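Report on the following structure.
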Amino acid sequence: MHAELQLDNQICFRLYTATRLITQAYTPILTELGITYPQYLVLMVLWEKDEQSVCEIANRLLLETNTVTPLLQRMEKQGIVIRKKGEQDKRQQIVSLTSKGKVLEEQAYAKIPPGMGKQLSACPLKLADYQHLAQELDSIITTLKK
């Protein structure tokens with residue numbers, strides 16, 4: 001057996017597992033809010049800057065528009081966002097938060113940071129460790145998205 005092919009030697013397995021478990025930890029909180037994890041990601045993009053094109057949202061999330069569009073359609077049916085044609089380019093879809101989408105920001109703020117903090121409280125990492133980890137992951141993402 002090649003050491004490079006052993007599961008314990010794979011950073012990708014650790015990243016995959018951490019991602020899966022973190023998403024799983026978010027699920028009960030997001031279910032209470034009536035949204036999924038992918039919807040939460042879209043909402044965070046729109047909470048930062050409302051009224052963005054589908055392309056801008058997809059780019060920010062490092063996803064394809066054909067992945068984001070069905071997600072936005074479901075969010076529109078839930079009354080969280082509205083989509084309208086762009087004023088300058090009618091082919092463009094502009095996504096905006098509804099009042100329900102805006103209220104979700106305050107609800108998410110009240111529940112998610114404390115809920116996730118509680119779940120991660122047993123972890124020995126400090127805030128600076130998480131910030132350093134985020135920078136390291138950003139380096140990996142930047143390298144691989146080229």
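Keep in mind the model is a prediction, meaning the values are calculated, not measured.
- Counting only heavy atoms from C-beta outward, the side chains of Asn9 and His2 never approach each other to under 4.5 Å.
- Linking Ile, Leu, Val, Met, Phe, Trp and Tyr whenever their side-chain heavy atoms come within less than 4.5 Å leaves Leu133 and Tyr16 in two separate clusters.
- With contacts defined as side-chain heavy-atom distances shorter than 4.5 Å, the pair Ile94/Gln52 does not qualify.
- Taken from CD in Glu105 to CG in Leu43, the straight-line distance is 9.0 Å, to the nearest 0.5 Å.
- The two residues Val81 and Leu72 come nearest to each other via the heavy atoms CG2-O, 3.9 Å.
- In this structure, Gln78 and Lys100 approach most closely via the heavy-atom pair O-NZ, 2.9 Å.
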Applying side-chain contact (heavy atoms from CB on, under 4.5 Å) to Leu30 and Ile112, what does each step give before you reach the verdict? CA-CA 8 Å; Leu30 296 175; Ile112 294 171; 3.7 Å; yes
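- Criterion: ILVMFWY side-chain heavy atoms under 4.5 Å apart, direct or through other members. Under it, Leu137 and Met116 are not part of a common hydrophobic cluster.
- Side-chain N or O atoms of Thr69 include one that pairs as donor or acceptor with a backbone N or O of Thr65 at under 3.5 Å.
- Atoms OH and OG1, from Tyr37 and Thr23 in turn, are 5.0 Å apart once rounded to the nearest 0.5 Å.
- Using modelled atom types, one side-chain atom of Gln39 and one backbone atom of Thr36 make a donor-acceptor pair closer than 3.5 Å.
- Taking the side chain as every heavy atom from C-beta outward, Glu32 and Ile29 never approach each other to under 4.5 Å.
- Grouping the Ile, Leu, Val, Met, Phe, Trp and Tyr side chains by contacts below 4.5 angstrom, directly or via other members, places Met75 with Met44.
- Distance check: Cys55 SG to Glu64 CD gives 10.0 Å after rounding to the nearest 0.5 Å.
- Cluster annotation: Val42 is not connected to Val103 through the hydrophobic network of ILVMFWY side chains, with a link wherever side-chain heavy atoms come within less than 4.5 Å.
- Under the 4.5 Å side-chain criterion, counting only non-hydrogen atoms from C-beta, Tyr130 is in contact with Leu120.
- In this structure, Lys85 and Gln92 have side chains that are not in contact, with every pair of non-hydrogen atoms separated by 4.5 Å or more.
- Interatomic distance, CD of Glu136 versus OG of Ser139, reported as 5.5 Å (0.5 Å rounding).
- A pairwise comparison of heavy atoms in Ser96 and Glu51 identifies OG-CG, 3.1 Å as the closest pair.
- Checked options Leu41, Val68, Leu46, Val45; the residue passing with Arg60 is Val45 (criterion: side-chain contact (heavy atoms from CB on, under 4.5 Å)).
- When every heavy atom of Arg83 is checked against every heavy atom of Val95, the shortest pair comes out as CG-CG2, 4.0 Å.
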Before you tell me yes or no, could you show the steps for Asp129 and His132 under side-chain contact (heavy atoms from CB on, under 4.5 Å), namely the whole-Å CA-CA distance, both residues' side-chain angles and the distance that decides it to 0.1 Å? CA-CA 5 Å; Asp129 298 323; His132 180 72; 5.7 Å; no
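- When every heavy atom of Tyr40 is checked against every heavy atom of Ala108, the shortest pair comes out as CE1-CB, 4.4 Å.
- For Gln10 (side chain) and Glu4 (main-chain N/O), a donor-acceptor pair under 3.5 Å exists by modelled atom type.
- Residues Lys145 and Leu62 come closest through the heavy atom pair CD-CD2, 3.9 Å.
- No donor-acceptor distance shorter than 3.5 angstrom exists from the side chain of Arg20 to the backbone of Leu15, with no hydrogens or angles considered.
- Annotation: side chain of Lys84 is not in contact with side chain of Gln93 (no heavy-atom distance under 4.5 Å).
- Residue Leu33 holds its CG atom at 12.0 Å from OH of Tyr26, rounded to the nearest 0.5 Å.
- Taking a 6.0 Å sphere around CD of Glu48, one finds it holds more than 12 heavy atoms contributed by other residues, nucleotides or ligands.
- At distances below 3.5 Å, not a single donor-acceptor pair connects side-chain atoms of Trp47 with backbone N or O atoms of Leu97.
- For Glu56 (side chain) and Ser53 (main-chain N/O), a donor-acceptor pair under 3.5 Å exists by modelled atom type.
- In this structure, the separation between CD1 on Ile57 and NZ on Lys49 is 9.0 Å, given to the nearest 0.5 Å.
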